[in-house]
Amino acid sequence: MPHHRFECSECIPEREKHAVVKGPGEDLTDALPLGYLNTIPGTISERGCAYCGAKHVIGTPMKDVIHISHGPVGCTYDTWQTKRYISDNDNFQLKNTFATDVKEKHIVFGAEKLLKQNIIEAFKAFPDIKRMTIYQTCATALIGDDIGAVADEVMEEMPDVDIFVCNSPGFAGPSQSGGHHKINIAWVKNKVGTVEPEITSDYVINYVGEYNIQGDQEVMQDYFKRMGIQVLSTFTGNGSYDDLRAMHKAHLNVLECARSAEYICNELRVKYNIPRLDIDGFGFEPLSSSLRKIGIFFGIEDRAQAIIDEETARWKPELDWYKERLKGKKVCLWPGGSKLWHWANVIHEEMGVEVVSVYTKFGHQGDMEKGIARCEEGALAIDDPNELEGLEAMEKLKPDVIFTGKRPGEVAKKVRVPYLNAHAYHNGPYKGYEGWVRFARDIYNAIYSPIHQLSSLDISKDEIPTDAGFRTQRMASDAGLSEDVKNSETLRQYTGGFDSVSKLRNKTYPYLEQRTVSVEA
């Protein structure tokens, strides 16, 4: 049997079906753990809730919106500033968070009056912001507050504002993935089709399932615009509320994160006959293939190929420099959502690292299917692991680095395993050709950090060497390389700048300046 039982979870035998080892010759029917089920009592899961999935992952990256949580202040605080979904309007949604701060007396007597008061106060505090999203939480859902009625009342009194209501309390699904579904369906049902956009290109897309972590959206948008494609809206990173109300006028939905946003693509296909194309912005070959597919769809593959050739020539020598120094390093790929399968194969193919484990806290079995199919034999796949299982896996697998979120990452550092933040990045963006090199550079820096090497010494019992000099990264990483590789005149380290995003915001795009028409209502 491929199932893996953790020693720390022997008292919870059901957990055995949630972890498998990918054996030689096994297909997915043999090596697929159970997934997207209610957390087993006693496992102390580190999952997020459905409210978190709706507000934190999907909703809050909208840039020109007051995002207000109707519930205790702890809910909004827990979902504030833990992801770097930057925006080009001075990061309004990162700097500010809003909550009605529900107390015990409101649970007893109701909190609708409090909600209305908070809505009006928020709009008055930020008079330039005319859009709002209200997120339901467990507390106010349980007492039956009708936030939709309150929102309608405010919009009647303040006709220049528009409010979107997201009913996704924490208990609305087994994990935060349930919240993804709730907000996707609510947006297409209640807001799409309520604004008519200006069309400026023959090729118009919605960029869906993209949250602009440290500028990912702006990097990808640059490629699209260089091809002459109008990005009508982005769901939702660096996305504008009113642009997202106009999603129905796109010619194509380009989907990046299928786990969080395939629902809205499927609804738009049914309701407005907009086709869906899944892409991948991580890695040279997946990104190149994605740009070609979009080019073929619109009949402009020559424009796509020109970008691919230019970017590959510029950045491939730098990626290969890191690949030579990362070959054979072991990685635990514990990122959660779609990066589980976006990264599983390409980091091995293009960076030379070995994936020894994959996991997801809130993914569906489809995520595990793709992730397991793309990683190497012998990899340990885990659904919804807890802290003890993560520690046990690291002790047995002895990875050189893990890619995960902040909470398990801080645990890893305590047992002297370096980690990279797979959710919010360390020094992103990581999408795009340059971004992929930045990722490789961060992996290299994590593994070969001289300070990390020193951390393996336990000063309470290990003898401290006094005859060894300070070892640099290059001394550690180049020790086993051939002279040809070490002295290569073509391979080089990352030469990009600290900020690779801001310069994109003022670019002009000749293809997009050739045509401007008004859309028919």
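Since we're looking at a predicted model, the values are computed, not measured.
Distance alone, capped at 3.5 Å, is enough to place a donor-acceptor pair between the Asn206 side chain and the Met247 backbone. Judged by distance alone, with hydrogens and angles left aside, the side-chain atoms of His106 form a donor-acceptor pair with the main-chain N or O of Lys103 at under 3.5 Å. Side chain of His423 to main chain of Pro335: a donor-acceptor pair is present (N/O by atom type, distance under 3.5 Å, no hydrogens or angles). Distance alone, capped at 3.5 Å, is enough to place a donor-acceptor pair between the Thr79 side chain and the Thr76 backbone. No side-chain donor-acceptor contact under 3.5 Å links Lys182 to the backbone of Ala50. Under a 3.5 Å cut-off, the side chain of Asp145 and the backbone N or O of Ile147 do not form any donor-acceptor pair. The backbone N or O of Gly428 sits less than 3.5 Å from a side-chain atom of Gln214, completing a donor-acceptor pair. Under the 3.5 Å distance criterion, the side-chain polar atoms of Ser69 are left unmatched by any main-chain donor or acceptor of Gly71. Between the Thr404 side chain and the Trp334 main chain, a donor and an acceptor come within less than 3.5 Å of each other. Remark: the backbone N or O of Gly237 is not paired with any side-chain donor or acceptor of Asn212 at under 3.5 angstrom.
Contact annotation: the side chain of His342 never approaches that of Pro286 to less than 4.5 Å [non-hydrogen atoms, C-beta and beyond]. Put simply, the side chain of Gln493 does not reach to within 4.5 Å of the side chain of Val437, judged on heavy atoms. Within the 4.5 Å cutoff, the side chain of Ile68 has no heavy atoms near those of the Thr133 side chain. Side-chain contact between Tyr135 and Val165 is absent, with no heavy-atom pair separated by less than 4.5 Å. Ile119 is listed as a side-chain neighbour of Ile134, based on a closest heavy-atom distance under 4.5 Å. Within the 4.5 Å cutoff, the side chain of Met132 has no heavy atoms near those of the Tyr241 side chain. With a 4.5 Å cut-off on side-chain heavy atoms, Pro399 and Val331 do not count as touching. Looking only at side-chain heavy atoms (C-beta outward), Met351 and Tyr322 stay at 4.5 Å or farther from each other.
Considering every non-hydrogen atom in both Phe6 and Ala19, the closest pair reads CE1-CB, 3.8 Å. Taking both residues in full, the closest heavy atoms of Cys52 and Gln176 are given as SG-OE1, 4.3 Å, listed atom of the first, atom of the second, then distance. Nearest heavy-atom pair across Ile443 and Val401 is CG2-CG1, 4.4 Å. The two atoms that bring Val102 and Ala111 nearest to each other are CG2-CB, 4.1 Å, heavy atoms only. Across every non-hydrogen atom of Tyr419 and Gly405, the tightest pair is CE1-O, 3.7 Å. Between Ala258 and Asp278, the shortest heavy-atom contact is CB-OD2, 4.3 Å.
Taking the six-membered ring for Trp and the full ring otherwise, Trp187 and Phe164 have centroids separated by under 6.0 Å.
For the salt bridge (Lys or Arg N to Asp or Glu O under 4.0 Å) condition, the pairs that include at least one residue of residues 63-85, sequence neighbours left out, are Lys63-Asp88. Evaluation of the salt bridge (Lys or Arg N to Asp or Glu O under 4.0 Å) test over residues 427-445, restricted to residues two or more places apart or in two chains, returns Glu210-Lys431, Glu256-Lys431. Screening residues 34-53 for ring-ring contact (aromatic ring centres under 6.0 Å, His included), with sequence neighbours left out, gives Tyr36-His364. The ring-ring contact (aromatic ring centres under 6.0 Å, His included) contacts involving residues 70-97 comprise Phe92-Phe126, where partners must be two or more places apart or lie in separate chains.
Atom CD of Glu395 has 12 or fewer neighbouring heavy atoms from other residues, nucleotides or ligands inside a 6.0 Å radius. Within 6.0 Å of the CG atom in Leu504, the count of heavy atoms belonging to other residues, nucleotides or ligands exceeds 12. The number of heavy atoms from other shown groups lying within 6.0 Å of NZ (Lys323) is above 12.
Every residue two or more places apart in sequence or in another chain that forms a side-chain hydrogen bond (donor to acceptor under 3.5 Å, both in side chains) with Thr234 is listed here: Gln217. Partners of His181 according to the side chain to side chain contact (heavy atoms under 4.5 Å, CB included) rule, which considers only residues two or more places apart in sequence or in another chain, are Ile185, Tyr263.
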Practice problem: Run the numbers on Arg47 and Thr39 for side-chain hydrogen bond (donor to acceptor under 3.5 Å, both in side chains), then give the verdict. | Solution: CA-CA 9 Å; Arg47 276 174 164 177; Thr39 299; 3.0 Å; yes
Exercise. Begin from the C-alpha positions of Lys327 and Glu324 and carry the test salt bridge (Lys or Arg N to Asp or Glu O under 4.0 Å) through to its verdict.
Key: CA-CA 6 Å; Lys327 286 180 180 177; Glu324 291 292 339; 3.5 Å; yes
Quiz prompt | Steps toward side chain to side chain contact (heavy atoms under 4.5 Å, CB included) verdict (Trp343, Val355) | solution = CA-CA 10 Å; Trp343 291 357; Val355 177; over 6 Å; no
Practice problem: Starting from the C-alpha separation in whole Å, work towards a yes-or-no answer on side chain to side chain contact (heavy atoms under 4.5 Å, CB included) for Asn184 and Phe235. | Solution: CA-CA 9 Å; Asn184 273 240; Phe235 190 87; 3.8 Å; yes
Practice problem: Applying side-chain hydrogen bond (donor to acceptor under 3.5 Å, both in side chains), run through Ser168 and Gln136 and close with a yes or a no. | Solution: CA-CA 6 Å; Ser168 181; Gln136 186 78 284; over 6 Å; no
Quiz item: For Glu410 and Lys406, what are the C-alpha separation, side-chain angles and deciding distance, and is it a salt bridge (Lys or Arg N to Asp or Glu O under 4.0 Å)?
Solution: CA-CA 6 Å; Glu410 294 300 321; Lys406 186 171 180 60; 3.7 Å; yes
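One finds a salt bridge joining Arg259 and Glu262 here, because a Lys/Arg side-chain nitrogen approaches an Asp/Glu carboxylate oxygen to under 4.0 Å. A salt bridge links Asp90 with Lys95; the closest basic N to acidic carboxylate O contact falls under 4.0 Å. Look at Glu267 and Lys189 and you find no salt bridge, because none of the NZ, NE, NH1 or NH2 atoms lies under 4.0 Å from a carboxylate O. The existence of a salt bridge linking Lys330 and Glu376 is excluded, since no basic side-chain nitrogen approaches an acidic carboxylate oxygen closer than 4.0 Å. We find that Glu10 and Arg5 are not joined by a salt bridge, their nearest charged nitrogen and carboxylate oxygen being 4.0 Å or further apart.
Paired with Glu350 under the rule side chain to side chain contact (heavy atoms under 4.5 Å, CB included), one option of Asn345, Leu326, Leu319 passes, and it is Leu319. Of the candidates Tyr430, Tyr444, Tyr494, Tyr430 is the only one forming a ring-ring contact (aromatic ring centres under 6.0 Å, His included) with Phe439.
Relative ring orientation between Tyr425 and Phe282 is described as perpendicular, the plane-to-plane angle rising above 60° on a 0-90° scale split at 30° and 60°.
Judged by distance alone, the side chains of Asn386 and Glu46 never bring a donor and an acceptor atom under 3.5 Å apart.
Separating the SG atom in Cys375 from the CG atom in Leu340 is a distance of 8.0 Å, to the nearest 0.5 Å. The distance from the CG atom of Asp478 to the CZ atom of Arg325 is 4.0 Å, given to the nearest 0.5 Å. Atom NZ in Lys339 sits 11.0 Å away from atom CG in Asp280 (nearest 0.5 Å). Taking SG of Cys332 as the reference point, atom CD1 of Ile402 lies at 6.5 Å (rounded to 0.5 Å).
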